[in-house]
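Structure first, then comments.
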Protein chains: 2
Amino acid sequence: MELDRLDRDIIAALVEDARATYAEIGHDVGLSASAVKRRVDRLRETGAITGFSARVAPRALGWNTEAYVELFCQGKTKPSDIALAMARYPEVVAAATITGEADALLHIRATDVRHVERVIERIAAETFVVRTKSSIVLSRLVDLPTGAVASDPRNGSPVGG
Amino acid sequence: MELDRLDRDIIAALVEDARATYAEIGHDVGLSASAVKRRVDRLRETGAITGFSARVAPRALGWNTEAYVELFCQGKTKPSDIALAMARYPEVVAAATITGEADALLHIRATDVRHVERVIERIAAETFVVRTKSSIVLSRLVDLPTGAVASDPRNGSPVGG
DNA sequence: ATTGAAACTTGCACTAC
DNA sequence: GTAGTGCAAGTTTCAAT
């Protein structure tokens with residue numbers, strides 16, 4: 001699906017504030033509220049916008065510690081095996097298979113270092129896991145919502161930048 | 001600040017759908033719309049909720065490739081130096097200092113592998129960077145919005161789990 | 001918790017390219 | 001035909017009770 005300037009501007013507005021009214025967005029991008037709504041509906045139908053979410057301060061909910069864990073798996077492990085197993089851990093907030101020595105990289109949120117340790121212990125006990133290599137996050141320096149940059153004229157668009 | 005059961009339920013509802021009406025949320029958590037609004041206002045004031053954001057499919061915007069990059073820095077590099085430098089790259093969507101051999105881990109979104117390469121080249125040229133070690137993401141297996149788990153009774157809360 | 005005024009959403013008729 | 005505007009009915013917000 002093709003996104004024009006207006007679509008990108010609307011997405012940018014909604015990434016910045018998902019509760020903005022259609023009239024507000026319309027004012028920003030130069031469209032009527034009705035026109036904005038029609039485009040937002042279309043963007044959701046086509047899957048460009050997958051939903052709307054509150055941004056939460058992990059600390060406020062007690063998630064005080066995060067870690068990245070490299071996973072080294074047995075030779076015939078399939079990505080779907082890893083996906084299925086990791087989906088069972090609420091502490092695993094992101095996971096991806098990657099190039100390089102490790103097979104996958106996990107992003108873990110936990111209450112404290114002890115909690116991280118317990119989770120890694122359980123993950124390391126998964127049948128397909130050979131070993132793990134973990135790094136505790138000391139301080140978060142950057143954390144942008146996905147798409148924050150997409151059509152912010154201050155930053156480059158993926159095509160233009 | 002202390003969050004009770006209701007606060008956590010409200011946050012969970014807003015993480016799932018940030019555009020839900022107060023009446024809908026109230027129905028879910030067993031509160032009147034007004035009561036929900038008062039709590040949401042308070043949650044924003046106290047910083048537990050930092051905003052509302054559209055969830056976007058990176059692909060739809062042309063961000064087809066992601067990578068993780070470990071940064072090895074000169075001995076006297078401060079986290080704030082890294083933060084300042086990385087904030088200038090729209091492609092760096094997350095960055096954190098970590099324990100282990102590397103000093104920091106970056107999460108990069110780009111249009112394609114060539115784009116990733118160009119960005120890493122520029123980052124590697126930063127004065128404080130000694131070397132980098134990168135992994136391209138092959139496939140994303142898990143990607144939860146922050147707080148998705150916080151008060152979903154199917155998962156553990158950070159305290160209870 | 002209820003109420004009422006102001007604002008928002010959303011379908012529809014209409015217009016322009 | 002595709003995409004925008006304006007309007008009106010039904011909801012939602014939000015402050016005051």
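Chain A is the first sequence line, chain B the second, and so forth, proteins listed ahead of strands; every chain is numbered from 1. Given the structure is predicted, the values throughout are model-derived calculations rather than measurements.
For the pair A:Arg19 and B:Tyr22, the cation sits on the ring face: its NZ or CZ lies under 6.0 Å from the ring centre, inside 45° of the axis.
Computed from coordinates, the B:Arg44 CZ to D:dT13 C1' distance equals 14 Å when rounded to whole Å. Residue B:Ile25 contributes atom CD1, which lies 12 Å from atom P of D:dT12 at whole-angstrom precision. Atom NE2 in A:His27 sits roughly 14 Å away from atom P in D:dG6 (whole-Å rounding). For the pair A:Ile10 CD1 and D:dG4 C1', the computed distance is 12 Å after rounding to whole Å. Atom CD in A:Glu45 sits about 13 Å away from atom P in C:dT10, given to the nearest Å. One atom, CG of A:Asp9, and another, P of D:dG4, lie 13 Å apart when rounded to the nearest Å. Taking atom CG of A:Asp41 as the reference point, atom P of C:dG11 lies 7 Å away to the nearest angstrom.
Checked by atom type and distance alone, the side chain of A:Asp103 never pairs as donor or acceptor with a backbone atom of A:Phe72 at under 3.5 Å.
In this structure, A:Thr21 reaches the sugar-phosphate backbone alone: every heavy-atom distance under 4.0 Å involves primed, P, OP1 or OP2 atoms, never a base. When heavy atoms are screened at a 4.0 angstrom cut-off, B:Arg19 is found touching the sugar-phosphate backbone but no base atom. In this structure, A:Arg39 reaches the sugar-phosphate backbone alone: every heavy-atom distance under 4.0 Å involves primed, P, OP1 or OP2 atoms, never a base.
A:Lys37 has no side-chain polar atom (N or O) that falls below the 4.0 Å cut-off from OP1 or OP2 of C:dC8. Between C:dC8 and A:Tyr22, no contact under 4.0 Å exists linking OP1 or OP2 to a side-chain N or O.
There is no side-chain donor-acceptor pair under 3.5 Å between B:Tyr68 and A:Glu70.
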Requested in this report: Please test A:Ile11 against A:Leu3 for side-chain contact (heavy atoms from CB on, under 4.5 Å), starting from the C-alpha separation and ending with a verdict.
Outcome: CA-CA 10 Å; A:Ile11 289 172; A:Leu3 299 184; 4.1 Å; yes
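Salt bridge annotation for A:Arg109-A:Glu91: absent, with no cationic side-chain nitrogen under 4.0 angstrom from a carboxylate oxygen.
Nucleotides of DNA chain C nearest to A:Glu24 and A:Arg38 differ in position, and the one nearer the 5' end is that of A:Glu24.
Between the side chain of A:Ser34 and the base of D:dG6 there is at least one donor-acceptor pair of N/O atoms closer than 3.5 Å.
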